[in-house]
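These notes are about the structure you will find just below.
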Amino acid sequence: MATDKRNESLRQAALDYHEFPKPGKLEIRATKPMANGRDLARAYSPGVAEACLEIKDDPTTASRYTARGNLVAVVTNGSAVLGLGNIGAAASKPVMEGKAVLFKKFANIDCFDIEVNESDPAKLAEIVCALEPTFGAINLEDIKAPDCFIVEQMCREKMNIPVFHDDQHGTAIVVGAAATNAMRVTGKSFEDIKVVSTGGGAAGIACLNMLLKLGVKRENVWLCDIHGLVYEGREEDMNPQKAAYAQASDLRELSEVIDGADMFLGLSGPGVLKPDMIKKMKKQPIIFALANPTPEIMPDEVKKVAPDAIIATGRSDYPNQVNNVLCFPFIFRGALDVGATEINDEMQLGCIEGIAALARATTSAEAAAAYQDERMEFGPEYLIPKPFDPRLMGVVASAVAKAAMESGVATKPLTDMKAYKDALDHSVFKSALIMRPVFAAASQAERRIAFAEGEDERVLRAAQAMIEETTDKPILIGRPEVIAMRADRAGVKIRPGIDFEVVNPENDSRYKQYWQAYHSLMERKGVTPDLAKAIMRTNTTAIGAIMVQQDHADSMICGTFGQYLWHLNYITQILGTKEHQPVGALSLMIQEDGPLFIADTHVHTEPTPEQIANTVIATARHVRRFGIEPNIALCSHSEFGNLNCLTGRKMRAAIEILDSEPRDFCYEGEMHIDSALTPDLRNRNFPHSRLEGPANALVFAIADAASGVRNILKTKGGGLEVGPILMGMANRAHIVTPSITSRGLLNMSAIAGTPVAHYG
């Protein structure tokens, strides 16, 4: 029953996500100002005619004067959607919108999803070909086999832009990268191995084709499907793509064919491969069980019979996840940037080598931060990079662009590959996906997070999301009957005492332990036993802090109502130590053009230069928690000494403190906000600034300024806030603000869910 409720809750949450606050996952926004008649005259009549005539004279200029050069179409007829099958074009639209979002978020590629009611592959291909003037590339998606082969071949023959069927080639590229590194780990070679594959669909055939390009011999490939071995003369459920792998053999079953195999490649269904079959394979078998969500065999079953096996799945909860997102955004990025006319074999092989080489390289600090407590060292459990390794964009897209130029299909060749790769690397974090490394880090631990305002509906919704999506355990402080009543009223399915722990201030077995612990901390600060008892009955922030102090919780979150400094007082009393004191409050504002950190918004109303310097140091440390290299501006009313005002004097003194010791991060000040965010303006006013590019963190001389900027960005700038993050307390407590949403609380729970040892 509990499982049914949870499934229904997940279903409704997914539907709400797609419906609110506006239907769907995409919208169109203008990229040019349209504030007056002059702008409109340029955007449309009469000015638009000039761009039209330029393109008429030279069609290649469409990428200069329109969005075509950065625009991809995701096209489907809905005949083979995810694990849903032939659900039709309209029902496939949520998936295609999702693919479009991934293009934008991972590679900053604009995308239109196009769902076509056409089951005839030839007619579908004609429709796609007619779209060429609009798009720089075509991504075919979720079209059933063998129709997908026909559509892609016809489009590639007729179109002069890249056409890429991701279900085929995206999977094949990532499999190729993983297999390349599996050969290195095992000491085997593609030329010598025997490959047994299950699944004759688009992805399966494409993976086999790719393995041939990498050196596997055709006679060493044994393809099985639901009917058994694909053999010469078989007529049942055959097509030319399967027939290309037909074997002249009397064997018929997978259990027979698998004998002596080096590699199993599964793109079929759950439970297809049995442990007894693995026993028949050669030593150090390579098992790619890629059926989702349940693979052909679970990794733990493989390890029982073959401890030395090299295993990959399609799942994120096991090593070596074969995930198309490692490839498709970046191969399109590289192809578009050089104006490629197709995505050829050389580009795909370049993509494979880029991904494989990245796994063999030293792990980046950013990737290590995103996947803490996982061993990310090249070997059996790390054949391919993690999907959120920030190096993927630069490495893969540049490898693809280079291969396109060398193979002669680039119409806009690049002159400086290093500069191109550097530009890609710098663009990685302009995305709301910035929170993914934080959730990934949090998923490597199981931390207990106490919510002081456990009766708040937003907390209830955040707790439900935590239970469904993370490994952390919420602890709600509040009256169980009130929590249950409000959960019912809000439609939240989790229940106190069943799905999560509740600390009832009115009746908890640890009450005596808690008030005595609080009294021992505060008895020389005017707190009597009676006052300690009263606080432990009524003050949920103090209760949460004592829980952390007594190791009954790993971190606490409070502040959904009340004044920030009131909460901070109790946290400092109970959790403050000589090593850990509140340094500042840091808010991450996720904006359209990237993240911006703001500090100190709450802790020090009028900080001293020493406190400002400490805030800068702490800000640098926490910015790196998101895999971002800090570029910090110290902001004031004065700019580089032009005013003798209070904020200017404070910032100049803070700079002196920071300059007194070597620092491993970039900072500069004092300056105005516009100079911090606009490099051209800053360079005109102060050519020798230490900052390069826009600042990604702003530190202010007074809390009023920091808080004001934070609130403007949140309410008028469309920024999504993560925070405030309480710096200096070793991640043991965080104080949010009353305006926080349930989504914001979930983000903060991920921050709190990162192990304390990884925080400062």
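Note: hydrogens, waters and symmetry copies are ignored here, and every other heavy atom, side chains too, is used.
Looking at heavy atoms from C-beta onward, N685 lies out of side-chain contact with H672 at the 4.5 angstrom threshold. Considering only heavy atoms from C-beta on, L745 comes within 4.5 Å of T560 through its side chain. Contact annotation: the side chain of R333 approaches that of M393 to within less than 4.5 Å [non-hydrogen atoms, C-beta and beyond]. Here the side chains of L713 and Q591 are in contact, with some heavy-atom distance below 4.5 Å. Taking 4.5 Å as the limit, some side-chain heavy atom of R624 sits within range of a side-chain heavy atom of D664. In this structure the side chain of I628 reaches within 4.5 angstrom of the side chain of F597, judged on heavy atoms. Residues L691 and C666 meet the side-chain proximity criterion, which asks for heavy atoms closer than 4.5 Å. Taking the side chain as every heavy atom from C-beta outward, I384 and N323 never approach each other to under 4.5 Å.
With rounding to the nearest 0.5 angstrom, the CE atom of M671 is 7.5 Å from the CG atom of L634. To the nearest 0.5 Å, atom CG of residue D337 and atom CG of residue N70 are 7.5 Å apart. With values rounded to the nearest 0.5 angstrom, L658 atom CG is found 5.5 Å from R663 atom CZ.
Between the side chain of E629 and the main chain of F665, no donor-acceptor pair closer than 3.5 Å is present. Proximity of a side-chain donor or acceptor of N631 to a complementary backbone N or O of E692 within less than 3.5 Å is detected. Between the side chain of S555 and the main chain of N731, a donor-acceptor pair closer than 3.5 Å is present. For H734 (side chain) and I557 (main-chain N/O), no donor-acceptor pair under 3.5 Å exists by modelled atom type. Between the D472 side chain and the E446 main chain, no donor and acceptor come within less than 3.5 Å of each other. Between the side chain of R447 and the backbone N or O of A752 there is at least one donor-acceptor pair closer than 3.5 Å. In this structure, R458 contributes its side chain and S742 its backbone to no donor-acceptor pair below 3.5 Å. At distances below 3.5 Å, not a single donor-acceptor pair connects side-chain atoms of S707 with backbone N or O atoms of A703. Between the side chain of D456 and the backbone N or O of F451 there is no donor-acceptor pair closer than 3.5 Å.
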What verdict does the salt bridge (charged side-chain N to carboxylate O under 4.0 Å, His left out) test give for K418 and D422, after you've listed the backbone C-alpha separation in whole Å, the side-chain angles of each residue and the deciding distance to 0.1 Å? CA-CA 6 Å; K418 182 180 184 304; D422 288 345; 3.0 Å; yes

Verdict with reasoning, I655 to E670, per side-chain contact (heavy atoms from CB on, under 4.5 Å): CA-CA 8 Å; I655 288 285; E670 81 280 13; over 6 Å; no

Given side-chain contact (heavy atoms from CB on, under 4.5 Å), test R684 with L681 step by step and report yes or no. CA-CA 5 Å; R684 285 202 305 272; L681 176 61; 3.4 Å; yes

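Judged by distance alone, the side chains of S739 and K714 do bring a donor and an acceptor atom under 3.5 Å apart.
By the 4.0 Å N-to-carboxylate-O rule, K104 lies close enough to D110 to be salt-bridged with it. With salt bridges taken as basic N to acidic carboxylate O contacts below 4.0 Å, none links K473 and D554. At a threshold of 4.0 Å, the pair E457-R461 counts as salt-bridged, since one of the basic side-chain nitrogens sits closer than that to a carboxylate oxygen.
Each of I590, V709, L677, L588 was scored for a side-chain contact (heavy atoms from CB on, under 4.5 Å) with L596, with one residue passing: L677. If you run side chain to side chain donor-acceptor pair (under 3.5 Å) between T737 and each of H602, E721, Q563, R710, only R710 comes through. The only option from L568, I543, T541, V736 that meets the side-chain contact (heavy atoms from CB on, under 4.5 Å) definition with C558 turns out to be T541.
Classified by interplanar angle (parallel below 30°, tilted 30° to 60°, perpendicular above 60°), the ring pair H688/F686 is perpendicular.
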